[in-house]
Protein chains: 2
Amino acid sequence: MNVSQIFNRTFPSTLRFLRGYTRISGTEINPNMQKLEYAVRGPIVMRANEIEKCLLSGEKRPFDSIIRCNIGDCQNAGQLPISFIRQVIAVATDTELMDSSVIPEDAKLRALRFLKSVGGSVGCYSQSVGVEVVREDIADYIEQRDGIPSNPDDIFLASGASEAVKFILELVATTKEGSQRAGIMIPIPQYPLYSATISEYNNYQIGYYLEEETGWSLSETELEKRLEEAKAHCTPRVLVVINPGNPTGQVLTRENIESVLRFAHRHNLLVLADEVYQHNIYAPDRKFHSFKRVLHDLGGDIAKEVQLASMMSASKGFMGECGFRGGYCELVNFDPEVRAQLYKCLSARLCPPVLGQLTMNVVVNPPKPGEPSYEKFCTQKSNVLSDLAKKAKLVENLFNELPGYHSQPVMGAMYAFPRLELPPKAIQAAERAKLPVDTFYVTKLLEETGVCVVPGSGFNQKPGTYHFRTTILPTVERMQIMMERLGEFHMKFLNQYK
Amino acid sequence: MNVSQIFNRTFPSTLRFLRGYTRISGTEINPNMQKLEYAVRGPIVMRANEIEKCLLSGEKRPFDSIIRCNIGDCQNAGQLPISFIRQVIAVATDTELMDSSVIPEDAKLRALRFLKSVGGSVGCYSQSVGVEVVREDIADYIEQRDGIPSNPDDIFLASGASEAVKFILELVATTKEGSQRAGIMIPIPQYPLYSATISEYNNYQIGYYLEEETGWSLSETELEKRLEEAKAHCTPRVLVVINPGNPTGQVLTRENIESVLRFAHRHNLLVLADEVYQHNIYAPDRKFHSFKRVLHDLGGDIAKEVQLASMMSASKGFMGECGFRGGYCELVNFDPEVRAQLYKCLSARLCPPVLGQLTMNVVVNPPKPGEPSYEKFCTQKSNVLSDLAKKAKLVENLFNELPGYHSQPVMGAMYAFPRLELPPKAIQAAERAKLPVDTFYVTKLLEETGVCVVPGSGFNQKPGTYHFRTTILPTVERMQIMMERLGEFHMKFLNQYK
């Protein structure tokens, strides 16, 4: 024990001023924030940044560049933005461009319509729930997608889907002393925003395993079992489902969604459906079924009762406009008083980024046939999506050719999550290095090849299994280089630890 | 007691499923969120929106339009954006404009420099703490402003200053059961973001009164007194100071800031300096003194020890770009471990809006003499600021001409906060209407004149005093109309309740 620790034990905190001013230390901050972890931007990524700086300063390595497959940042990986989105935003921002022939007429009309609804300038605050025409267009988009009504008043915009998720998980938190914590069921593996937000609001995490062998599907038996176990520790309130899946790339069948909704109904759970990858479906035998539509089709009490919050984003899909921070949430079957309380809380953050809202607006209301930008928009969109489909298949196939690799089909989203069988000697080496086995593997991969992926432990996984998540975002050519580097590394690794 | 209440009493919550699915009700949500209030967008503003809709649909009223003086939304009130900011953003967004002569060359160079630092596209995620060149430019700006060093690693960008404030107040929260809540000292009157965020993170609010008679200055005696009273209920950790003041329009003297910093040092308080109005100084005898500079000049232990978090925004000043959600926070004297924990938490929200960061970038690094956009930029900036100075004087003078009105000098920021002496009969009428007296007054003002201001009770005020906050943002002409409507209303009001 050092002097300061002895001092802290000896003197109660009310006497601290005798020592003069003391700064807040790392152990004195909000314990929820201490607990919070977010692997997608964790230590591996920081190390990748360091190596990149070394490379730029001329240091020699067996590779010439970092290939970033750690984060769903489409444009950073080389994807080009959709021109129409950018044109609308440019002219809405600098209205002197209304006179310029560089901007197509339909982009100008879009910008004008939006400006009218936001006080005449993108520099104004919008309504806290978001610009009215945007919420109307989102409701139309949902109606067209699902064939059932959607109410703009049940939709709120957010700074990316992440912010919307945070608001819902904050809303259900039971912060009163002595009361049981709110239980949030999340898939394992999961997107670490969920575990981070559960920590932040001191909710109780109830992990349920996805079934890797059946393409990462959800099992009702597993859900029942985990819920039952958790009841002693919390009051279960929310079931989170990510479809299409992150990090798994799965796309749920309609039957699977139905069984999940019945389960939620039986147990009074609010369903948080993370559907931000709804445009990213690659498996020819799968399609996107929205939770809202499946809920509606179930009919009866279930359709009228189950509370659903569905998330969508401008950062993923074919647009990949992460930097604009656009996203929305649709509330279904919420108590009006709860919705009012939530909207009141939204007002304290004033409003989501106005141009993120405009991005979302174009995504849900793209150019129509006959409009000047229609053809180009469709071509750009389908190019991005067909490239992603190509890479999904490429990655899945190449992984499954490597000894010890097992990849489920990459049906959707933007990720593969292969399972690794590693030799006992590698596992011992990881133990000696005091690293989780998958972290050991991907750290060596990064150091030796410059390929940056995120270890499965950052997403959570079944004990004794090892995975990593890679995006499929680099261009087809870069993705091929990445797989070559990885294949070579893997064979060397197996040889080293055989 | 109705049937459902009887049921709830009779059956424990584990048996609830017998009733079938029950939605979360308004009383079951996070109690911190139930408590949260944010007056700037409260009931008065909703009523103003309703009246506006009626006017637009042709309904007749004694006035033809709502004059919104409730929120610091510059451009909504008619202020024009600064061209250079918009040009940089437009060309960074739609890079095809790089070939267009409509965009000046210096705007293009700015955009290119920024793009290089953010992965080549404004659609990329930035670093969680913000784009590197932006943090570097902010550090330069602070160095020039204060004449002392600033480290880009101590600066993080946020979605407006509001988000930065929320992170700091979340960081100090003591969420462990049984531990005393963190005490946050805030001025009364205050900007309601603070009381809302204190509720959200279950901190303990320690209000200290500003001295209206001395131009809303801070009194060390008052601070000591309130801190002493609060110690039984909380562990005081943060002192919030808003300078220039919101809603008061005060600008603190250097001596006043010095005494505040000494007080903070004596009591181990982290100082949260809300300095978002640092460009908005109108009183000829006042200037802006940053807390950082005054802290430095105090020297000795104080300068080395007091933790300071200073906030700045792209939403106020001369630019008023609220919709872009740009803001930053500089940390001074923070424990490196605490900074690391905070930055870890920032990563879970991925990044602040990239174009908000670009807006902030131009604000801290405006065009230089000799660059093509320099002259225009300076003219636009000084026009906005001189108009604001004109309106600050106008409003103060006109208020003080009205019987029963007392306005302190509007030295800075964008608000006046006059005190009202109202006749006993008006106070009785408010009691009969079950409304706070100031709410009663401003509700009548809105209904009869269309002028929308926020009652003092939304900001808190000394018991028995009545105020409201008005912005000085409408154009000079509109502001004159507003004051005419208000003057007429007030005389009628006095007559009615004499």
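Proteins get letters first, then strands, A, B, ... in listed order; numbering begins at 1 in each.
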Do side-chain atoms of A:D335 reach the backbone of B:S25 as a donor and acceptor pair under 3.5 angstrom? no

Under a 4.5 Å cutoff for heavy-atom pairs, which residue among A:A196, A:C345, A:G356 has the most contacts with chain B? A:C345

Do the side chain of B:R325 and the main chain of A:C351 share a donor and acceptor less than 3.5 angstrom apart? yes

For A:Q341 and B:M33 the tightest heavy-atom approach is OE1-O, 3.7 Å

Does any heavy atom of chain A fall under 4.5 Å from the side chain of B:F167, the backbone, both, or neither of them? both

Please tabulate, for the side chains in residues 300-308 of chain A, all donor-acceptor contacts under 3.5 angstrom to protein atoms that are two or more places apart in sequence or on a different chain.
| residue | atom | partner | partner atom | Å |
| --- | --- | --- | --- | --- |
| A:E305 | OE1 | A:H265 | NE2 | 2.7 |
| A:Q307 | OE1 | B:I24 | N | 3.0 |
| A:Q307 | NE2 | B:Y21 | OH | 2.9 |

In terms of heavy-atom contacts, B:L350 and A:S162 come closest through CD1-OG, 3.7 Å

Could you report the tightest heavy-atom contact between B:S315 and A:Y125, atom names first, then the distance? CB-OH, 4.1 Å

Does the side-chain contact (heavy atoms from CB on, under 4.5 Å) test come out yes or no for A:N76 and B:V118, once each step is laid out? CA-CA 8 Å; A:N76 199 314; B:V118 77; over 6 Å; no

Hey, which of B:L171, B:V338, B:V354, B:L269 has the most heavy atom pairs under 4.5 Å with chain A? B:L171

Nearest 0.5 Å, what's the OG1-CZ distance between A:T197 and B:R349? 13.0 Å

Of the backbone (N, CA, C, O) and the side chain (C-beta and beyond), which part of A:A314 lies under 4.5 Å from a heavy atom of chain B, both, or neither? neither

Can you tell me which portion of B:T359 sits under 4.5 Å from chain A's heavy atoms? Options are side chain, backbone, both or neither. neither

Using a cut-off of under 4.5 Å on heavy-atom pairs, state which of A:G119, A:C322, A:A90 scores highest against chain B. A:C322

Give me the atom names and distance for the closest heavy-atom approach of A:P336 to B:R23. CD-NH2, 4.2 Å

Nearest 0.5 Å, please: how far is OH in B:Y201 from CD in A:E200? 6.0 Å

Is B:A182 close to chain A through its backbone or its side chain, or both, or neither, when contacts mean heavy atoms under 4.5 Å? neither

Do you know the tightest heavy-atom contact between B:K53 and A:E132? NZ-OE2, 3.8 Å

Highest number of heavy-atom pairs under 4.5 Å with chain A: which of B:T27, B:T93, B:L80? B:T93

Ignoring hydrogens, what is the shortest heavy-atom contact between B:A348 and A:L36? Give both atom names and the distance. CB-CD2, 4.3 Å

Using non-hydrogen atoms and a 4.5 Å limit, figure out which bit of B:L97 sits close to chain A: side chain, backbone, both or neither. side chain

Within-4.5 Å side-chain heavy-atom neighbours: A:S121 and B:R86: yes

Let me confirm one number: the CG-CG distance from A:L342 to B:N30, rounded to the nearest 0.5 Å. 11.0 Å

pair B:T22-A:N268: side-chain heavy atoms closer than 4.5 Å: yes

So, are B:E170 and A:K166 salt-bridged, with charged N and O less than 4.0 Å apart? no

Scored by heavy-atom pairs under 4.5 Å with chain B, the best of A:V165, A:V122, A:L193 is A:V122

Once you round to the nearest 0.5 Å, how far does CG of B:D94 lie from CD1 of A:I85? 12.0 Å

Output the option from B:K231, B:K344, B:E321, B:E337 having the highest count of non-hydrogen pairs under 4.5 Å with chain A. B:K344

